[in-house]
Every structure is written in structure tokens, then in C-alpha cells.
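What follows is a single structure, written as C-alpha cells, with notes after it.
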Protein chains: 2
Amino acid sequence: MSSDLTEPGTGPSGAAPTLSEVAKRAGVSSITVSRVVRMPDLVAPETRARVERAMRDLGYVPNLVAGALASARTNSVGVLVPTIANSIFADTVQGLSDKLEPLGFSVILAQSRYDAVREDRVLAALLSRRPEAIIMVGSPATEEGSRLLRNARIPIVETWDLPANPIDAVAGFDNYQAGVAVAKHLVAQGRRQLAFIGGDDPRGTRRWFGFRDEALASGLSEPRRLILDRKDSGSVAAHARLPDVDAVFAANDAHAIGFMSGLRKAGLLRDGPASAQPVAVIGLGDLEMGQLISPTLSTISVHGDAIGRTAATLMLERGGERRIDLGFELVLRDSG
Amino acid sequence: MSSDLTEPGTGPSGAAPTLSEVAKRAGVSSITVSRVVRMPDLVAPETRARVERAMRDLGYVPNLVAGALASARTNSVGVLVPTIANSIFADTVQGLSDKLEPLGFSVILAQSRYDAVREDRVLAALLSRRPEAIIMVGSPATEEGSRLLRNARIPIVETWDLPANPIDAVAGFDNYQAGVAVAKHLVAQGRRQLAFIGGDDPRGTRRWFGFRDEALASGLSEPRRLILDRKDSGSVAAHARLPDVDAVFAANDAHAIGFMSGLRKAGLLRDGPASAQPVAVIGLGDLEMGQLISPTLSTISVHGDAIGRTAATLMLERGGERRIDLGFELVLRDSG
DNA sequence: TGGCGTGATGCTAGCGCTAACATAATGGCT
DNA sequence: AGCCATTATGTTAGCGCTAGCATCACGCCA
């Protein structure tokens, strides 16, 4: 029984045990061990038990790197987001990860940090791991990135937007129409001096265009646009920098809440309903936080986790509709 | 020049081009192509140029799966968090990813969803991809998970806590002492009826123990403890469920802000300083949001991204101190 | 009784790459 | 001229696993 004293996980050379070491110990060929791991039904119960025993004794952990090379299936998905911290994209990653994990897929996560050079670099790094699909927020920033993805010949899912010429599949919503919806609502509410605060990333910019176009179409003067740095909380866009404005659309809820805190300091925030607000504020994202603060935040609600789950579905089912509009909803609360 | 018309990324069989196809086209051996990719300095400039040309023509993307198998280096790190959505752990993932990405490491992300069974499963899945280290929030929930990690013989970094018997390295802070610090502060402020709201995960529970022990040591009666479900916002722990309480420590800022919104509805929230609050509220995490709401949130500040960066350092440098206490800071604002 | 389907297991080759060790070609030195 | 350090390139033998095809034993049927 001395072999029972072998330290688990340690083969003859102190390295991780391999299939064939397990096979030797169980007195079978390595392909049989492979079958026990992947298609146990094909192996006779007694043989299987013997192999399972040997695997446990040795502390065998399959090497998926070798398996992937041999089978040309990595069971992994590359996921690219601008940023994962404090962001609604985390919901999307959670959603797709929850859907893919039970299927045996691993998520390889990369961040572009809204930097085109870094995006191309991580895209190449991702592809060199031969994922079975790429799911990304938005579209590649450069032609090079786009080319890389097209040549990869794997499902590519762009999310959080509805690009006109997607590489492959799309799960998102119409950012332009979101801007339109907010402007429409504010105009109907009687607001006249609109402003937009947010980043100048592609999706934020599309929201701005919709917002501006609708304001102009309604006979209002061109709204002001304050481009915030990613690090800014939104409170930096204090009312002082937007005098005379009576309604603000923030590209995301964090900016909206930050701006509201600026309004509060300026004495321009009421605990009453939207009609009582000197300055209406509408966010985007529908963070739970928005319902907890006072006044509660009106916002464009988007389901980040549904985007993630839909993206997972799109990468799994190569046929069928490749463009899914998850829509958005204008949720009106007390801020505007 | 017909070869220039070859569709990039498509080899003879429509499959991705390999090293040796590039080699053939450049008229060199495949090892030379490998060197151009990995150690370009070792290759003569003209040869290098020829190889680079061939790589571009063919749209060659290195296959790291094969490279990893051959070199026994995957350049990947397994990262396990309870959840990535709406959580402070996202900062940690961002921090470590930012540090590791430039070094060529990929992050394989998995979520346990606070489920021990799922944790063991994803841990095994992670290890089968042969990452060069595992960075996780907390410690394995089961003996089995712990065994798996010990046998992997790679750096293991546990974070967000300071376990007594870590598997390998640790980057975190003392959750028990955080609870103590909050209780001390509340007692000094003259609060007498304390309560704790939050989850019953290991770290939350440690905060509770510190909080309770210090309250008892100060002669107060045992604080109440309300265990919230992960889905709860904290507002469900309305004051109605905690009558007579004059101070609450919430295990995280989200719960704290939710509870404050409950207090507001009950008319128990003031815009003034902590001394004016009928019920003091202290959170943990120092979300930016806490500074934007009114009253501003007092909290235990923890640097999630520093934890991530430190964890990355610990996995890279195998020598030296393996237990890093990043500490925490009680940040006093207006809520308590 | 011979043929053959079925279930269980094994053999062989190779996935695309790299480590480790050759081998060539060059030039400076004694 | 001969030697050897240096630079540039190549050869060989796997890494650990799986696909695809054997092989073999069995038992059932005509």
C-alpha cells in the first residue's frame, strides 16, 4: 500500500500527474482514462471505478491545454470590456459567465480601458488563445481590430450597441433612440434648456446625437454637451458650469447621481416629484442605487445581464437571427 | 503575386495558418518564425523582415495553446470572485488585470456566486487550464477546494481577508478589526443600541464578530444582527425591523445606502452632521456614491484595486513577505 | 456452425509549438 | 594559418491529450 502514501498531485518527477500515469496505475490505456473523464458512459463500470480510484489517488487534474490542442476545442470565450470596475458592464460579464460556466466554458476577460491601442493588443492576445467566440462591448475601435476579428472565423458578438455593419452578431439597444427618448420626455415636460454630460466614447456619443437631434427637431436651441473624464464623478459638472440649464441627460447613472449632488449643494434639488425640480436629471443604466437616493433617479433602464445572456446564446447558436435589440425603457421617478 | 491575393487568415485548408506555413513562405525553418515572435533580437534584421512580411501576408496569429503545451507556461492567471456584478471585487479584478496585462498574462475569470459546490467546480475547471497562479477572494469554502489548490503547486493568493492559515499568499485586511473599529467609534459617539446588517459570508461574519465583541466589551448589550439576502438592497432592513436601534453597521456600502433610504422614509435621516442623526449608519467599501448622497456616508474605506495589484505582485514574486495587510480606514462623514 | 452486430478497449498519429542541443558562417586574435 | 568566441539558423524530440480507426470477446441468430 506504499503507493497510497504518494503525495497526491505529485508524479514521479514532482510534476502534475498525466493521463498515462493514471492509465498505468489503473492498468488501462490512456485513451480509456480520457474516456472516463469525457464520456464515462462508454467505459464499463468496473473499469471506470478502477480509473476513478487511480485519478483520486494521484490527484489527477486533466490538462485542458493539451486537450484543447488535440481536439481543436478550447471551451473558452474571450470577453472584452472597456472597464470592469464600477461599471454596468460587470452585469453583462456576470450574465454571460453564468450562462456559459455550466456548459464548461471559461471566460477570458480583458479590458481595453477605452484605449484603441490597448484594445488591439488585448484582442490579439485573446485570439492567440483560440477562444471559440469573442464577446465584446461595442465594436472594434480600429480597422485593424476589425480585420483581426473577421479573420478569426469564430462567432463575434458586439454588445451594448446596434452597429450598422456588425462583424457577426449583435446584442444591444439603440443608443441614439435612447437619447431621442430622453429629449422627447424633457421637451414634453416643458424643459427648454437641455444639456448632456458624459464621456465621448462611441455609445455615449450616439446618445448625445439622438438627444441633440431631437432637441433641435423640437425647436429648442442646441443643447450643451459637457464631456467628462472617466475619473470624474459627475459632480464636477456642477450647475455653475451649466448655468440656465433646466434639464440634464447624463450618459450614465453615476454621472447623474454626481450631478445631482452638485445640484444639491447649489440648492437646486427638491425632495418632491419631477415637476418640482428646478433642474431635471435623467440617467442611463438603472443602477439600483438610483432608487435608493432622494429624489429617486429617473433613468433609461437597460438590462446588462440580459445583454450578457443573449450574447452567450448568440455565440452558441450560429444560425438564426444575429441582431437582437434588447431595447431600453425610460423609467420615470422623481429626478426628472 | 498571386499569393498576395490569398485571403488573410486562411491557410490551404481554410484553417488558421501555422508557424510552419509562415516558415515555408518566408523560406526559413519554423523555429526562426517562433523566434521572430518571441525573441526578435535573436534574428537577423533581413530575415526578420521577411518573416514579418510572411506573417502579415498570411494573417498569422500565434497559437498560444500549442505554445503553452510545449513550453509549460500558459501565461494565464485564474481569478475567482464570489460575484463580479455590482461588487467591489470588480475593482480588484481591474487592478490585477491592469497590472498583469502588460506582462502578457490573461485573466481567466470565474464566479462562485457564494456557492461552495460551484466554487469547487470552477476551481477544478480553472486548474485544468493550468494557470500560473490563482487569485481568489477569500479562502476555499471546502476542504476539497483547499486540497485542490495546495496540490496545484502554483502561487495561490487569497484576498480581502487575512486567513490564519493561508494556503500561500494573502493580500487583504482584518475584517474583524474593521468591525471593532466601527463599534468603538459608535460607542464613543454615545450610541447604545447597535445593529449589524449584511450577508453571512465569511468576511461579513468576521466583521460581525469584531463588531459584536467590541460592543459587548464596552458594556453594551449584544447588537442585533440582520442577515440580508444578496438580492436585498438593504432597504428591506427598514427601521421597522430594528426598533430602538440608534446605530447600524452595514457590511457593505450598498446595504448602508439602502438602509438609509429606509430611514429616510421613516423620517429618521437628517441632512446635518453625524451628531444630528437619530440613527448612525456606517458602511464598508467606500463606494464613490457614498460621497454623493446626502447625508454623506461614513464608511470603512478599503482599496479594492490595491488589493488586486498587490495580489498580482504576490503571484509574480514568489519570495518575500507572503502576507500583506492593506489595512482599512474609518472615514467619517455625515451619516454616523 | 459460421457470420455478424455490439460493447469495451487499444493503437497510432498528430495537434502547433518550443527547449535543448546541433551546425554553419563570420571575423578577430595570436 | 589556425583557433575560437559570437551570431544566425536548423534539427530533433517531445509537451499531454484526442480523433479515427483497429481489435477483440461475446452472444445471438439463421
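Protein chains get the first letters and strands the later ones, always in sequence-line order, with residue 1 at the start of each.
Between D/dT9 and B/T47, a contact under 4.0 Å exists linking OP1 or OP2 to a side-chain N or O. Within the structure, every side-chain polar atom (N or O) of A/T32 is placed at least 4.0 Å from both OP1 and OP2 of C/dA8.
In this structure, CZ of B/R48 is placed 14 Å from C1' of D/dT7, rounded to the nearest angstrom. In this structure, CZ of B/R73 is placed 10 Å from P of C/dA19, rounded to the nearest angstrom.
Within the nucleic acid shown, A/A44 comes within 4.0 Å of sugar-phosphate atoms alone, with no base atom in reach, counting heavy atoms only.
Residues passing the side-chain contact (heavy atoms from CB on, under 4.5 Å) test with B/A70, sequence neighbours excluded: none.
Counting heavy atoms from C-beta on, the side chains of A/S97 and A/R309 never come closer than 4.5 Å.
Inspection of the B/R129 and B/T74 side chains reveals no N or O donor paired with an N or O acceptor under 3.5 Å. Remark: the B/T83 side chain and the A/Q94 side chain contain an N/O donor-acceptor pair separated by less than 3.5 Å.
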Note to self: Could you walk me through whether A/N63 and A/T18 satisfy the side chain to side chain contact (heavy atoms under 4.5 Å, CB included) test, starting with their C-alpha distance in whole Å, then the side-chain angles of each, then the deciding distance to 0.1 Å, before giving a yes or no?
What the structure shows: CA-CA 8 Å; A/N63 184 331; A/T18 67; over 6 Å; no
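A donor-acceptor pair is defined here as one N or O able to donate and one able to accept, closer than 3.5 Å; no such pair exists between the side chain of A/E158 and the backbone of A/P166.
Atom CG of B/N75 is separated from atom CG of B/L64 by 6.5 Å, given to the nearest 0.5 angstrom. Considering CD1 of B/I154 and CD1 of B/I134, their distance stands at 5.0 Å, rounded to 0.5 Å.
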Checklist line | Base-contact (B) and sugar-phosphate-only (S) positions in nucleotides 12-27 of chain D, heavy-atom cut-off under 4.0 Å, - elsewhere | finding: --BBBBBB--------
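Taken over five-pair windows at either terminus, the axes of the helix from C/dT1-D/dA30 to C/dT30-D/dA1 are inclined to one another by 60° (rounded to 10 degrees).
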